[in-house]
Amino acid sequence: MSAVVERVQRAVEAGGRLARAPAEARTKALEALAAALADPGVRARVLEANGQDLTAATGLAPALARRLKLDAVKLDTLADGARQLAARTDPLGTVLARRKLDEGLVLTQERCPLGVLAVVFESRPDALVQIASLALRSGNAVLLKGGREAAQSNRALADVVRGALERAGLPPDAVQLLDDRSEVEALLGLEKGVDLVVARGGKEFVEHVRARSRIPVLAHAEGVCHVFLHRSADPAKAARIVVDSKVTYPAACNAVETLLWEPGAEAALDASVTALRSAGVELRGDAATRARHAEMKPATEADWDAEYGALVLAVARVPDLDAALGHIARHGSQHTEAIVAADRAAAERFLAEVDAACVFHDASTRFADGYRFGLGGEVGIGTGKLHARGPVGVDGLLTFRWILRGSGQVSADYGPGKKPFLHQDL
């Protein structure tokens with residue numbers, strides 16, 4: 001515990017320096033990070049470390065292996081995300097509101113960092129860079145713990161990030177890599193020092209963190225996402241959206257897991273099924289769907305709640321839009337839901353009534369991503385309703401302070417029968 005307390009204290013001190021540094025210094029660190037990720041020598045070291053992890057990960061589930069692997073495209077995306085954040089106006093000190101309470105008594109609401117973040121994430125080593133980049137832009141220190149299967153990759157990438165901080169004249173201890181799960185367990189028991197824990201991973205792990213932590217937790221758990229084919233859906237458009245939602249990265253939390261269709265959408269269903277089968281997707285259908293596509297495996301009740309993370313998709317017929325909304329409410333994880341429909345009224349109703357962090361019309365569920373939203377990446381996708389929801393970028397890592405500048409006023413002078421407040425917005 002003492003070692004964890006010492007590391008947290010170093011993060012608190014480094015985070016304070018990071019938050020107080022000029023905006024230009026944080027921008028310089030992000031530019032240095034983007035440049036390093038594009039440097040051939042750095043990339044070779046990172047990919048070599050990743051190769052060691054891949055060699056050691058024999059027997060790893062295919063979905064986890066895909067998340068673990070780094071390549072040139074992933075490194076290019078990380079560099080581009082850092083450049084996006086470097087180009088963004090620094091948010092610290094932004095005035096959200098200014099109000100004159102009285103002459104010479106002015107109140108402002110200003111953005112500031114949360115402080116110290118602790119982020120526990122899954123086997124994707126590229127998440128380390130995304131999270132660290134967002135922490136730099138938002139002025140937060142961050143303690144990171146990735147999956148043990150990505151240990152060498154995470155060390156190599158953490159060295160790249162810390163080097164970028166040093167080149168910008170900022171404290172490298174603003175980004176620290178925790179060594180093992182025991183440090184995470186010790187950290188969760190702390191009462192002060194860490195301001196927010198972000199838990200990314202399987203449902204059981206996230207619930208464990210919630211139960212153990214004495215620190216507020218932002219959960220990034222399961223993604224049971226749906227695409228609903230309305231009777232007005234264009235078949236070709238539906239097939240493209242469904243295939244992209246399932247096939248481009250089936251291990252991602254924003255991949256579709258259940259396809260719903262209503263009577264009248266048979267052509268859109270048929271086109272989607274043909275395209276999915278061509279892409280090697282295993283389809284599991286309810287009785288009504290299998291009556292039309294007998295080659296499907298029978299779906300069970302468990303399939304409607306499954307996050308496969310693989311090339312498997314459950315398919316069900318629902319009587320109408322009301323039933324689709326009901327199915328999503330019962331089985332969805334409030335992550336991302338999509339409708340394919342030419343009927344604008346039906347689409348707008350879906351967008352208005354589905355209770356999820358991300359709700360789309362005629363677009364792939366795979367757009368639910370911090371990089372694609374222009375956030376530069378994401379710390380996670382919040383499926384709760386407090387603090388931050390959806391892809392959590394810079395804005396989700398900020399809070400605010402109330403700053404009051406006076407000229408000798410005291411509260412006893414104000415109130416009924418006394419001096420009135422002006423409460424004039426400036």
Side-chain angles (χ1 to χ4, degrees), residues 15 18-19 21-40 42-43 46 67 70-94 111-114 117 119 121 124-142 144 154 157-158 160-170 174-175 198 200 218 220 244 248-249 252-254 336 357-358 360 363-382 388-398:
L18 182 66
E24 294 77 10
R26 290 187 292 275
T27 298
K28 182 179 178 181
L30 288 163
E31 291 172 342
L33 176 57
L37 291 168
D39 180 86
V42 172
R43 290 165 79 105
V46 169
R67 291 186 179 192
L70 291 174
D71 56 26
V73 172
K74 286 187 178 181
L75 294 178
D76 287 343
T77 300
L78 293 174
D80 190 49
R83 282 190 289 270
Q84 280 186 16
L85 289 168
R88 177 173 174 169
T89 301
D90 193 82
L92 301 190
T94 300
R111 279 185 163 177
C112 63
L114 290 172
L117 315 173
V119 185
F121 57 99
R124 284 180 48 208
D126 47 330
L128 183 149
V129 178
Q130 291 182 340
I131 294 163
S133 298
L134 292 164
L136 292 183
R137 182 75 289 171
S138 58
N140 289 288
V142 62
L144 296 153
N154 288 334
L157 289 170
V160 175
V161 176
R162 288 168 63 88
L165 281 162
E166 287 187 301
R167 285 192 291 280
L170 295 171
V175 175
V198 180
R200 297 173 48 147
L218 177 66
H220 174 126
D244 187 84
T248 52
Y249 195 173
C253 61
N254 59 13
T336 301
C358 302
F360 300 160
S364 168
T365 60
R366 293 277 290 123
F367 281 107
D369 174 82
Y371 173 75
R372 295 185 174 102
F373 278 14
L375 307 179
E378 66 192 38
V379 168
I381 293 185
R389 199 176 195 197
V392 180
V394 169
D395 291 344
L397 303 180
L398 298 169

**Student:** Would you check if Val198 and Leu117 make a side-chain contact, meaning some heavy-atom pair closer than 4.5 Å?
**Tutor:**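 Not in contact.
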**Student:** Less than 4.5 Å apart, any side-chain heavy atom of Leu157 and any of Leu70?
**Tutor:**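 When only atoms from C-beta onward are counted, Leu70 and Leu157 do touch, with a gap below 4.5 Å.
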**Student:** Should Leu92 and Leu398 count as side-chain neighbours, where that means a heavy-atom distance under 4.5 Å?
**Tutor:**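 They are in side-chain contact.
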**Student:** Do you know the tightest heavy-atom contact between Pro113 and Asn140?
**Tutor:**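 That closest heavy-atom pairing would be CB-OD1, 3.4 Å.
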**Student:** Quick one: salt bridge (Lys or Arg N to Asp or Glu O under 4.0 Å) partners of Arg43, sequence neighbours excluded?
**Tutor:**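 Arg43 satisfies salt bridge (Lys or Arg N to Asp or Glu O under 4.0 Å) with Asp76 only.
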**Student:** Would a 4.5 Å heavy-atom cut-off, applied to side chains only, mark Arg111 and Asp395 as touching?
**Tutor:**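 Of all side-chain heavy-atom pairs linking Asp395 with Arg111, at least one is under 4.5 Å.
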**Student:** Would you say the side chain of Phe367 lies within less than 4.5 Å of the side chain of Thr336, judging by non-hydrogen atoms?
**Tutor:**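 In short, these two side chains do not touch, never coming nearer than 4.5 Å.
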**Student:** Mind listing the closest non-hydrogen atom pair of Arg137 and Pro91 along with its distance?
**Tutor:**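 Closest approach of Arg137 to Pro91: O-CD, 3.6 Å.
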**Student:** Check whether any side-chain heavy atom of Gln130 lies under 4.5 Å from a side-chain heavy atom of Val379, and answer yes or no.
**Tutor:**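 Sidechains of Val379 and Gln130: no contact.
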**Student:** With a 4.5 Å limit on heavy-atom distance, are the side chains of Asn154 and Leu144 in contact?
**Tutor:**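 Side chain of Asn154 against side chain of Leu144, heavy atoms only: no contact under 4.5 Å found.
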**Student:** Does Arg162 use its side chain to pair, donor to acceptor, with the backbone of Val175 at less than 3.5 Å?
**Tutor:**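 Yes; at least one donor-acceptor contact below 3.5 Å.
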**Student:** Within the side chain of Asp90, is there an N or O that forms a donor-acceptor pair under 3.5 Å with the backbone of Arg26?
**Tutor:**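 No, Asp90 side chain to Arg26 backbone: no donor-acceptor pair under 3.5 Å.
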**Student:** Going by the rule salt bridge (Lys or Arg N to Asp or Glu O under 4.0 Å), which residues pair with Asp244 if we only count those two or more places apart in sequence or in a different chain?
**Tutor:**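 Once residues adjacent in sequence are excluded, Asp244 has no partner under the salt bridge (Lys or Arg N to Asp or Glu O under 4.0 Å) criterion.
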**Student:** Can you confirm whether Val160 sits close enough to Val42 that some side-chain heavy atom of one is under 4.5 Å from a side-chain heavy atom of the other?
**Tutor:**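 Contact flag for Val160/Val42 side chains = yes.
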**Student:** Please, which pairs that meet salt bridge (Lys or Arg N to Asp or Glu O under 4.0 Å) have at least one residue in residues 126-136, sequence neighbours excluded?
**Tutor:**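 Salt bridge (Lys or Arg N to Asp or Glu O under 4.0 Å) check on residues 126-136 returns Arg124-Asp126.
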